[in-house]
Amino acid sequence: DAGQVVTVDLDGGAGIGAWDIRAVRHALAAVMRRRPEAYHDTLRSLGDRGDDIDGNGPAADGDGTDGSEGHTTEGDTAAASIHDAVRVKEPGLAAHLVYDAYERRSGLVRVLPATTSAEEWAAAAVEDVGDVVDDAFEVETLETGRLVTRRDATICGATVRVSKTLTLGGDRRSPTLTLALDLEHAGGEPFEARVGLEWALTMLGGGGNPAAWWDLGGVRGAHDAGGAATDVSTIAQGNDLIGVSVTSTTSSADAWWAPIETVSNSEDGFERVYQGSALLLSWPLRLAPGEHWTRTITNVVATTRDRALEDA
């Protein structure tokens, strides 16, 4: 496409693994999955103890101190090695050890229990009630600017044909990406669930970056903050420094958004690292045998600069 490059991972829920905007040279979908790391066990065992970022907090086990005032115990011949100390940049960091059950692609179909809350979704505390989010889809139609994929899935014990139609449009400075989701109940009992399309995008919004934002109803908020709203038809996100924004429109939906943050360990200590943000546009659904259900989300990208012209 003239304004974008989109890669779809058929074996990963037919999700969008790459979404690159040519004019600003920005990889919108470059978001890492939250995975367990071996050093996370150290953080869990630390609990509420450990050095603060300035090294003034109580010492952790194994750092060669007695835990009082950070001094070495009597008889020690040398101060503890800095490599043995454990530092944390904020209290309660272990609570942010959240892991994803699937790769962070965009346009993924989420089928959650009907009672799921925004907080549970953000904390990855609920499992899907269908085999759709990261399972394999088949290509039904592939043509210029349009891809139709399909999966015969199981949702709450029912057989459901899931179809996704991805359409690209627009031009170099304002590309568009539209995703239509269709569910057909093909057998079994009626079911109730929360069904939505989930997007994981980065606007480089870590640390409260003032250039990166969410916009709902003309009110802007930080891109590394979370929130929820009902009866949403339009929500936007962007980064003014990069010069890019994405405006998503759909029929009235529940909108949930939250930062995707990993916990890493460096010479400065354990800290949260912003990877991007997730947006779920979802609807409560009851589907009976023979019924169809369809929703469409249109994403319009706007750019305020063209780096190819700037480099000329």
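The residues of the chain are indexed from 1 along the displayed sequence.
Annotation for V133 and R110: closest pair CG2-CD, 3.6 Å, computed over non-hydrogen atoms. Across L281 and W283, no two heavy atoms sit closer than the pair O-CZ3, 3.3 Å. Between T247 and A236 the shortest heavy-atom distance is OG1-CB, 3.7 Å. Residues P289 and G188 share a closest heavy-atom pair of CG-O, 3.1 Å. Pairing each heavy atom of Q4 with each of T176, the nearest pair is NE2-O, 2.8 Å. Smallest separation of non-hydrogen atoms from A158 and F191: CB-CD2, 4.0 Å.
Electrostatic pairing of D240 and R220 counts as a salt bridge here, judged by a charged N lying under 4.0 Å from a carboxylate O. With salt bridges taken as basic N to acidic carboxylate O contacts below 4.0 Å, none links E310 and R307. Using a 4.0 Å cut-off between a side-chain N of Lys or Arg and a carboxylate O of Asp or Glu, R104 and E198 qualify as a salt bridge. Under a 4.0 Å N-O distance rule, the pair R33/D100 does not qualify as a salt bridge. Under the 4.0 Å criterion applied to side-chain N and carboxylate O atoms, R194 and D254 are assigned as salt-bridge partners.
Side-chain N/O atoms of S163 and R150 include no donor and acceptor closer than 3.5 Å. Side chains of N239 and W213: a donor-acceptor N/O pair is absent below 3.5 angstrom, by distance only.
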Given side chain to side chain contact (heavy atoms under 4.5 Å, CB included), test L166 with I16 step by step and report yes or no.
CA-CA 10 Å; L166 178 67; I16 297 168; 4.3 Å; yes
Apply side chain to side chain contact (heavy atoms under 4.5 Å, CB included) to the pair V148 and E143, showing each step before the final yes or no.
CA-CA 9 Å; V148 181; E143 52 195 23; over 6 Å; no
Please report the C-alpha distance between L197 and L179 in whole Å, then the side-chain angles of each, then the deciding distance to 0.1 Å, and finally whether the side chain to side chain contact (heavy atoms under 4.5 Å, CB included) criterion is met.
CA-CA 9 Å; L197 287 166; L179 185 58; 3.8 Å; yes
Would you sort out whether N299 and S248 count as a side chain to side chain donor-acceptor pair (under 3.5 Å), showing the intermediate values?
CA-CA 4 Å; N299 300 292; S248 304; 2.6 Å; yes
Does the pair D182 and H292 meet the rule for a side chain to side chain contact (heavy atoms under 4.5 Å, CB included), with working shown?
CA-CA 7 Å; D182 181 86; H292 277 265; 3.3 Å; yes
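Ring planes of W257 and W214: tilted class, angle from 30 to 60°.
For the atom pair CZ of R25 and CZ of R305, the computed distance is 9.5 Å after rounding to the nearest 0.5 Å. Of the inter-residue distances, the one linking T159 atom OG1 with H185 atom NE2 reads 8.0 Å to the nearest 0.5 angstrom.
Hydrophobic clustering keeps Y102 apart from L181 (ILVMFWY residues linked when any side-chain heavy atoms are closer than 4.5 Å, directly or through intermediates). Side-chain heavy atoms closer than 4.5 Å link hydrophobic residues (I, L, V, M, F, W, Y) into clusters, and following such links, even through other members, never connects W256 to I260.
Although no hydrogens or angles enter the test, the distance criterion places no donor-acceptor pair under 3.5 Å between the side chain of S252 and the main chain of S233. Judged by distance alone, with hydrogens and angles left aside, the side-chain atoms of D152 form no donor-acceptor pair with the main-chain N or O of R161 at under 3.5 Å.
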